[in-house]
Amino acid sequence: MDKLLRSNVSRLLKKLSEHAEIYAPTMEDGVCVLSKLVNNYDDWTLDYVRTTNSVKDIFFPQNEEIMRYKNANNDLNIEPPKPFKERVAFGVRPCDAAAMLLLDNVFLEGEFYDSYYKERREKGALITIACEKPDQYCFCTSFHSSPGATEGSDIVLYPADDYFLVVAVTDKGKKLIKANAEIFENATEKSGIVENYKSMKTPIGNNCSPGELNEKLKNEFDNPYWKKIARRCLGCGNCTFVCPTCHCFAVCDVARGCDGKRTRTWDSCKFQDFFLMAGDHNPRPTQVERTRQRFMHKLNYFKEKYDKYQCVGCGRCVEKCPVGVHIADVITHMKEEL
Amino acid sequence: MSVEFKPNIICFACNWCSYTGADMAGTSRMKYPATIRIIRVPCSGRVNPTFVMKAYQKGADGVLIAGCHPGDCHYNSGNYFAKRRFLLATRFMTFLGIDEKRLRMEWISAAEGVKFARVMREFSETISKLGPNLRAREEA
Amino acid sequence: MCSSHNQLVPKVATIKKIAEETSSGDVKTFYVEFDCPKERAEFNNMPGQCAMISVLGVGESMISITSSPTRPDPLEFSIKKMGKVTSALHDFAEGQKIGIRGPYGNNFPADEWIGKDLVFIGGGIGLAPLRSVINYCIDKKESYGSITIIYGSRSPSDLCFKEEIFENWPSVEGVKVHLAVDKIEEGEQWDKSIGFVPQYLEQISPSPDNAIAITCGPPIMIKYVLESLEKLKFKDEQIITTLELKMQCGVGYCGRCNIGDKYVCIDGPVFSYKQIKEMPQEF
Amino acid sequence: MKKIGVFVCWCGLNISSTVDVEKASEELKNYPGVFYADDYKYLCSDPGQELIKKTIVDNKLEGIVVAACSPNMHESTFRAAAEAAGLNPYRVEITNIREQASWVHSNKEDATAKAIQLIKSTVEKVKKSEDLFPQQIPLTKKVLVIGGGISGMTVALEVAEAGYPVILVEKEPQIGGNMAKLSETFPTLDCASCILTPKTAEVGRHSNITLMTNSEVIESTGYFGNFTVKVKRKPTFVDWKKCIGCMLCQEKCPKKTNSDFEHGMGKRKAISVAFPQAIPYRPIISEKECIYFKTGKCKICVKVCPVDCIEFEQEEKIIEENIGAIVVASGYDLLPKEELGEYGQGKYADVIDGMQFERIASASGPTEGVIKRPSDGKIPKSIVFIQCAGSRDNQKGRPYCSKICCMYTAKHAMLYKHQVHDGEATIFYMDIRAGGKGYEEFVQRAIEDDHVLYLRGRVARVYEEDGRLVVLGVDTLSGEQVRIEADLVVLATAVIPSIGAKALGQTLKVGTDTYGFFNEAHPKLKPVESMTKGVFLAGCAQAPRDIPETVSQATGAAAKVITMFSKNHLVSDPQVAKVNEKICVGCLLCKPICPYKAIEPEIVEVRVGCRAEKRQVATINKGLCQGCGACSVACRSGAMNLSGFSNEQILEELKSLCL
Amino acid sequence: MMNMTEKMLEQIRDLFEKKNIKLFIGFEKGFEKFSRIPAFAENYDEAKSMIIDEFETPLLAKYLIRELGEVGAGAVEKSERVGILTRGCDYLSIRRLVVDNIILRENLVIIGIPCNGLIDPKKANKLLGEEAQEITVDEKIVLAKGEIKSREINKEEILLDRCKKCIMSKVEESDILLEENMDDMEVSKDYSAVEEIEKLTTEERYEFWRRQFDRCIRCFACRDACTACNCRKCIFDITEPEMLEKTVATSEQFMFHFIRAFHVAGRCTACGECEKVCPVDIPLGLLNGKFKKDIELLFDVDEAGIPAEIEPLGEFKLDDPVEW
C-alpha cells in the first residue's frame with residue numbers, strides 16, 4: 001500500500017504531463033469542470049462533490065473528428081484521424097469510473113468495436129479520488145458501488161488528513177506508480193481508512209436501487225406514469241449530456257468547399273428531431289415516447305443486453321434537471337407502484 | 001506578417017443605391033483594393049445580423065453594409081430597420097469581444113461613386129492594419 | 001490507404017453507371033465499384049444486407065444492397081429521392097466518387113428456406129431489398145420450390161426494375177410474376193391487373209403450407225399485407241419483412257434505431273413477424 | 001440541381017484588359033456543379049445570346065451564370081435569352097466582373113483571382129435558385145402628371161389622345177409653366193405664347209384630362225399599377241365653376257402687389273389672373289395681399305362680381321385618386337440672383353436674370369415688349385449679358401452646364417438689337433454651346449447681322465457707380481482687362497430644379513441626385529424612367545434641357561405610360577417574399593416591418609400526420625410586396641424567405657466568398 | 001403562506017366543478033426537500049398535492065404552448081380553458097406568449113398570487129455549507145437548519161437572481177386574485193453586471209466569453225426554458241439552411257448564443273430561467289441584459305422587459321441615433 005502526500009500531487013501531475021495530457025477538476029467561474037491543465041499544474045481543486053462534465057468527456061468527447069476528406073476535382077481521398085495522445089484523468093469520482101465500464105460494454109463488446117474509443121481507453125489512465133462527502137444528489141450505493149469503490153479506476157486515492165492512501169487497481173495503475181515511485185512513499189499505518197470509505201452511506205441510501213425493476217418494466221410500456229412525468233419535461237438535452245453513461249451520437253459532415261471532415265457529436269434522445277426520418281415520419285413524435293425511451297433504455301433495454309443497469313447513481317441528472325424529471329424519481333416511483 | 005496579409009472583406013450593397021454607386025465608381029474607373037467582395041441585396045434591410053456573424057465565422061476579416069441615405073430608400077423604410085438592427089448588433093458584437101472597427105455601415109447613394117471608392121479604400125486600409133480576424137472564426 | 005478496420009471511415013468507391021428506374025426520375029439505380037479491390041474482397045454481402053452510402057460533405061444514409069452476391073460486381077443500389085443525402089446522390093453524374101462502408105444488418109435466411117415455396121410481396125421501392133434475395137434464389141433455383149412475385153406500385157411508370165419484372169423473371173420456369181398498379185392515367189396501356197397489393201394478394205391466395213412470405217414496402221402496405229397473410233393462414237414465423245428505420249452509425253451504438261432492446265442495424269433489418277409482434281409497437 | 005453553364009464575357013477590352021478571361025473560364029470548367037464553361041467576346045450581342053441559348057438546349061442546363069457587366073445593365077437581356085431557350089429566367093444570375101473587378105482594379109492577377117471567386121460564389125447562388133413565375137396583378141389605367149409646364153402638358157395630351165384619363169396637377173393657379181413667361185423662342189424666334197396657347201387650350205378642354213391647378217401631391221402609397229395618391233387643392237377663394245371670367249374684380253381691386261409670374265418686373269392685383277392667355281382663365285385671391293383677409297374690410301370684388309362667386313371661407317380639399325402611373329414634370333427654376341455675390345447679390349435693380357429679361361421683352365409683359373430699365377424705365381443704350389452665372393462653377397457646387405443659357409442669351413441680344421439698332425450688346429461667355437438644329441447658324445446671325453459683341457472671359461465684378469453699372473472683366477483672347485459701363489446687366493443664372501422637387505421625390509420615393517434633379521433609371525438607356533417602377537420623368541425635372549428636347553422626352557414618357565396601359569393586367573416581379581407554412585408559428589413579428597403592408601395573418605388548414613390542424617400563419621399579398629426582404633430578417637425561424645435573394649442563396653454566396 | 005394554499009385549492013375545486021377549466025398547472029413538492037416542480041391536474045383530486053410557498057419554482061408559461069393546442073397550434077380558436085398559477089414574472093411570460101399570438105388570452109384562467117421574492121435553496125445550502133434540512137421564513141430573516149450547523153440569513157442574500165431585479169411583482173391583470181400584494185418590491189434598474197463586462201478591453205471580453213462558451217454543452221436547456229423562444233420549429237433544428245452546425249466548436253458556440261440572444265432581443269422578460277437551468281452556469285442574463293440596456297438607452301424604451309404590442313426591432317423612429 002503506498003501513500004501520496006497532498007503536497008506531492010502537483011509534482012506527480014507535472015511528471016505525468018511529460019508524455020500525457022493531464023485532466024483535473026478546476027474551478028471556472030464557480031463551476032467545477034474537469035479540464036485539461038496546460039502549464040500550471042496546481043490549478044486543480046478538491047472542494048467539489050462531482051465535476052459538471054464527467055470523465056466521459058475524455059474517452060468519448062462531445063465533438064470528435066472521424067475522418068477528413070479531400071475531394072478536389074473528383075479524386076477523393078479519405079484520411080483517418082492521427083493517433084491520439086496519452087491522457088491521465090486526475091480527480092475522477094468512483095461513480096464516473098464505474099460509468100466508463102458501462103461505456104466499454106457499448107463500444108468494445110458486440111460485433112463491431114469503436115476504434116476511436118478503444119484507442120483512447122487504452123491510452124487513458126484514471127486516478128480516482130474517493131468521495132469524502134457525498135451530497136444529497138448522490139445514490140451510487142443504490143447500484144452496489146460506494147464512495148470508495150475501485151471498479152473502472154486504475155489508481156484510487158483515499159484522502160486522509162494530509163495524504164492519500166494509494167490503491168493500484170489495474171496493472172496500468174501499478175506500472176504508473178512504479179514509473180513515478182520516487183513521489184510515492186509506502187504507507188505504514190493500515191487503519192480502516194479504505195474500508196470506511198467503502199462502507200460510507202449516501203444521504204439517499206439505497207432506496208433508489210432498481211433490484212429486479214427491469215423484469216417488471218417489460219410490460220409497463222403504456223403505464224400512464226410516463227405521460228405524467230413527460231408532461232413536465234421541457235425536452236432539453238440537459239440530462240442526457242451531463243450523464244456519464246449516455247452514448248447516443250450523431251454523425252455529421254462539415255464541408256469547406258471541396259474538402260471537409262466528418263465529425264461525431266453527442267445527440268440526445270430528448271431532442272425533437274432525434275428519431276425524425278426522411279419523409280417526416282417520426283416514431284417518437286411527442287415527449288411521452290421520448291421520456292419513456294430514455295428511462296426504458298437505462299433500466300430495461302441495457303439490462304437485457306449487458307445485464308447491468310445503465311446508471312451509476314452519480315446524481316448529475318438529479319441536480320441538473322430544472323423540472324425534476326430524473327432517474328431517481330422514476331426508480332423510487334416504479335418500485336412503489338409495481 | 002511574412003506574406004503580406006490580404007484582408008478578406010465582405011460588403012453587402014443595397015441594389016438601388018450602393019450597388020449602383022459601386023457601378024458608378026466602376027464606370028468612372030476609380031480604383032480601390034481587390035480585397036472587397038460585394039454581395040448584392042435588394043435593400044440594406046435584407047441584411048440579417050446573423051449573416052455578418054456567419055461571415056466572421058467563415059473567415060471574413062471585415063464586413064461593410066452599404067445602404068441608401070435615410071429617406072432615400074427605394075422601399076421607404078428598409079434602411080431605418082437596418083440602422084436599428086445594426087445599432088444593436090454592433091454593440092452586441094463588441095460586447096462579445098469582436099473588434100468594433102471590423103463592422104461598418106455607410107450610407108452611399110447611387111450618385112456617390114466617389115464616396116463608394118473612398119470608403120472601400122479607407123475600410124480596406126483599417127482592416128489591413130487590424131490584421132486577420134481570429135475571433136469567432138471556425139477552425140480549419 | 002486500402003484497409004483500415006475502423007468501422008466509421010468509409011471506403012472510396014466510384015459510380016460506374018446510373019440507370020433511371022421510374023420515368024418520373026425519383027428512383028435511380030447506381031452501379032458502384034470499390035476503388036481498391038482488397039476492400040471489395042472484405043465486403044462480402046449477403047442478400048438483404050445494407051451498406052452506408054456517404055456523399056462527402058452532405059452525410060450518410062443506409063441503403064439496402066439490391067444486387068445479389070451471386071452476381072457480385074458491380075454493387076447495385078436503388079435509391080429514391082427522399083432526404084438530404086439521397087437528393088444529393090440524385091444530382092451525381094457517372095464517374096463521381098462516393099464513400100461506402102458495411103455490409104451491415106442481418107440477411108434474409110435464404111439457407112433456411114431450402115425446399116420451400118417463396119412468396120415475395122413488394123410495393124414501390126420496397127422491391128429493391130427483395131430483389132437481392134430473389135435473384136439469389138433464382139440463381140439457386142434448384143434448391144427452392146416455386147417462386148411467386150407479387151409487385152405493385154402507384155402507376156405503371158413507378159414500377160422499378162422494369163426489365164426484370166417483365167422479361168427476365170417470368171422467363172425462368174417455376175417463377176410467376178403478378179403485377180398490379182393503383183391507378184393508370186388515361187392513354188397509358190396496361191394489361192396487368194389494377195388494385196392495391198394486399199387485395200391482389202388475396203386474389204392470388206398462395207398456399208401457406210411449406211411456404212415463406214417475404215414482404216417489403218411502405219408501412220401502410222405492410223400493415224394490410226400482414227393482415228391478408230394472416231387471413232391466408234400464414235403463421236407468424238413464416239412471414240419475413242425488413243424494417244426501414246433511421247440508422248446513423250450502422251454498427252449498433254449510436255442509439256438511433258432501437259425498437260425495444262433490439263437495434264435494427266444489428267439485430268435487423270430483417271425480422272420475422274413473430275419477432276415484430278414481441279417488440280414494443282414503436283417504429 | 002447541378003448542371004450549370006458559366007459564360008465569361010470579354011466585353012471587348014473592358015473586362016479582358018485586367019481580368020484574364022481564359023484563365024477564369026478554364027478554372028470554372030471543373031468546379032463542382034459546373035457542366036459547361038466558356039468565354040466569348042460580346043455575350044450581350046446577338047451571336048452571344050445565340051451561343052447561350054444553344055448551349056442551354058444542347059446540354060439541358062439547369063442554371064446559368066453570366067460573368068459580365070452590371071446586372072442593372074443586362075440582367076433582363078440574359079434572362080430573356082434563357083427564357084427563350086426554355087429555362088426559367090430566375091435560374092440565371094449575373095456576376096459583375098466589369099464595374100466591380102476589371103474597371104476598379106489595376107493589378108491583373110488580383111482582379112482575375114477576385115473575378116474567379118465572384119463567379120464561383122454566383123455558381124453557389126444559382127445552385128440554390130428555384131423556378132419563379134411572375135404574378136398577374138390588376139392595373140388602374142389612369143396617369144397622374146405632376147407639373148403643368150410644356151413637358152407635363154405634352155405627356156397629358158399624348159396619353160389623353162390614346163384614350164386614357166389623365167390628372168394634371170400644377171402648383172401654380174394656371175398651367176403653362178416657365179414657357180408661358182418667355183417672349184420668343186430660339187432658334188426660330190416665334191413667339192412662345194403663340195405656340196403654347198393652342199396646347200394649353202387643348203389641355204383645358206380635353207375630355208380625358210382633369211386639371212388640378214393650385215394643388216400639390218402630398219402623399220403617395222402603393223406600387224406600380226396601383227398607386228393611391230392624395231392631392232391637396234389649395235383654396236382659390238373664387239368659385240371657378242360659377243365664374244365667367246369677366247375679370248371685373250381684377251380691374252376694380254384696389255390692392256396692387258408684385259406679380260411673381262412677372263418675376264418682380266410687373267404688378268398685379270390682390271385678385272388676379274397671371275396673364276391674359278392663362279388656362280384656366282379664372283382669378284385667384286392671394287391671401288397675403290387681399291385687404292379683406294388682413295383687416296376684414298374692402299370686399300369690392302364681392303360687390304362687383306356679377307355672378308357672386310367670391311368665397312372667402314373656401315378651404316383646402318384633399319382628394320384621393322387611384323392611379324396606375326405617375327409622370328414627374330416639375331420643371332426648373334433659375335438660381336436666385338442673391339446667391340451670386342460678385343454680381344451685386346440682387347441689390348441693383350438693373351442687374352436682372354434671364355427670366356426677368358424675358359418678361360420685359362414679352363409683348364404681354366409689363367412693358368408690352370419694350371425693353372426698358374426696371375429702375376427708371378429708360379431705354380438702355382448698352383446691355384451686358386453674362387453667361388454661366390452660377391453654372392459650370394465648382395465653388396458654388398454646380399459644376400454642370402445649364403445648357404439653354406447660351407442660346408437664350410444670344411436671343412436676348414438679338415431682340416434688343418432689333419429694337420435698339422444702335423444699342424451696344426456685349427456678351428461675356430466661356431464657351432458657346434449651340435449644338436441643336438439651326439442653333440449655330442442662329443448665333444452666327446446674332447454676331448454678323450446684329451453685331452453682338454462676344455467677349456470670351458469671365459466677369460469679375462459688377463457694381464454701381466454714380467447711376468451706371470460698371471462691369472469688370474477680362475478678354476482672354478486679347479488678354480486685356482475690360483471695363484464696360486452698361487445701363488442694364490442680364491445674368492444667365494443657372495438652371496436648378498424647381499422648389500419642392502426634393503420633397504416631392506421623398507413623397508414618391510424617387511431618388512434625386514446631389515443637385516436635386518431626379519435620378520433616371522439609366523442615363524443612356526432609360527432616361528424617361530425613374531428608379532421606382534411606375535414613376536416616369538419628363539423635362540427639366542431630370543436635367544436642364546431646351547424645349548425641343550423636353551417635348552421629345554415628354555412624348556417618350558407618354559409612350560412608356562401608354563405601353564404600360566396597353567395590357568389589362570401587369571406582370572409583377574416574382575422576386576417577392578414567401579412563407580413556409582409548415583414552420584410559421586403566426587407570431588407576425590414580420591407584419592410591422594413591411595413598408596407596403598403586404599403581410600396579413602390567416603387561418604389555414606395544415607395536415608400534421610393524420611390530423612388536419614387549424615393554424616394561424618402569415619400570408620403575403622404578392623402584388624403589394626416589392627421584394628425588399630426586411631421581413632425575412634425579423635422572422636426567427638426562417639419561415640419568411642425572399643425568392644431570388646433567399647437566405648440559402650445569400651449564405652452560400654457568403655460561404656464561398658470567404659473560403 | 002399556508003392559508004394561500006388552501007385558498008388556491010378552493011378556487012381549483014370550484015373551477016373544476018363549474019367545468020371552467022380542463023387542466024390546472026401549479027407546483028408540487030419535488031424529489032429534494034425544497035425543490036418545487038410543475039404539477040398538472042386534470043381534476044380536483046390530482047390537484048391536492050399542489051402547494052404555494054416561498055421557494056424557487058420554474059416558470060410555468062412555457063408549458064402553455066404545448067397544453068393549449070396541438071404541438072404549438074397557435075392562437076386559433078377558443079378551446080377549453082387552462083388554469084395557471086401566476087406571479088408577476090409568470091404574468092410577463094404569459095403576456096409574451098399572448099403578444100406573440102402563440103396562445104389566446106381567453107383560453108386562460110390566470111390565478112394571481114402575491115410575491116415578495118422567492119428563496120433559492122441552493123444558495124441557502126451553500127451558505128450553510130451542507131444540505132439544509134429545514135428552512136423557516138419570517139419577514140426578512142430566514143432560519144436554515146442543517147444536521148450540524150444552523151444559521152440565520154437575511155433574505156436578501158439568498159433571493160433568486162431574478163427577484164433581485166424584479167420588473168413586476170404584482171400580477172397586472174388576472175381572472176382570480178388570491179391576495180393583494182402587500183408592498184411593492186422597490187427595485188432599481190441596475191446594469192452593473194453588464195457594465196462590468198463592458199469596461200473590459202475587447203481582448204478580455206472575448207476571452208471571458210470564449211471561456212464561458214467553451215463550457216456550453218449545447219443542451220438547448222436555455223432555449224427550452226425560455227418563453228420568448230416559442231417558434232414552432234427552432235432554426236437550430238432546421239438543416240436546410242444550416243445556420244448552426246451540430247459540431248460543438250468555439251465559433252459555433254458564438255454563433256448559437258449570438259443568434260439566440262438576437263432572437264429574444266427586445267422580447268426577453270428578464271425572467272432569468274435561461275441562467276437558472278444552464279447546467280454549466282453560463283451568465284446568459286448578461287447577454288440579454290446587454291440588449292435590454294441598449295434598447296432602453298438607444299430607443300428610449302422605459303422598460304424593455306414588459307412585452308409591447310410591437311417589439312422595439314419591429315418599428316423605427318426617424319430620429320433614431322446614428323453613431324455606431
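Letters go in sequence order (proteins before strands), and every chain restarts at 1.
Minimum heavy-atom separation, Ala228(E) to Arg636(D): O-NH1, 2.9 Å. Contact between Gly314(E) and Pro592(D) at its shortest, heavy atoms only, is O-CB, 3.3 Å.
Within 6.0 Å of the NZ atom in Lys60(D), the count of heavy atoms belonging to other residues, nucleotides or ligands does not exceed 12. For Lys293(E), the NZ atom counts as densely surrounded, since its 6.0 Å shell holds more than 12 non-hydrogen atoms of other residues, nucleotides or ligands.
Looking at heavy atoms from C-beta onward, Leu589(D) lies in side-chain contact with Arg267(E) at the 4.5 angstrom threshold. Residues Met243(E) and Leu651(D) are in side-chain contact: their nearest non-hydrogen atoms beyond the backbone lie under 4.5 Å apart.
Heavy atoms of Cys234(E) lying under 4.5 Å from chain D are absent altogether. At a 4.5 Å heavy-atom cutoff, the contact between Ile310(E) and chain D is made by side-chain atoms alone. If you measure heavy-atom distances from Asn230(E) to chain D, the contacts under 4.5 Å come from both the backbone and the side chain. Using a 4.5 Å cut-off between heavy atoms, Glu311(E) touches chain D through its side chain atoms alone. Only the backbone of Cys584(D) comes within less than 4.5 Å of a heavy atom of chain E; no side-chain atom from C-beta onward does. With a 4.5 angstrom heavy-atom cutoff, Lys582(D) touches chain E only via backbone atoms.
Salt bridge annotation for Glu240(E)-Lys128(D): present, with a cationic side-chain nitrogen under 4.0 angstrom from a carboxylate oxygen.
To the nearest 0.5 Å, atoms CZ (Arg232(E)) and SG (Cys587(D)) are separated by 10.5 Å. Residue Ile235(E) holds its CD1 atom at 9.0 Å from CD1 of Ile583(D), rounded to the nearest 0.5 Å.
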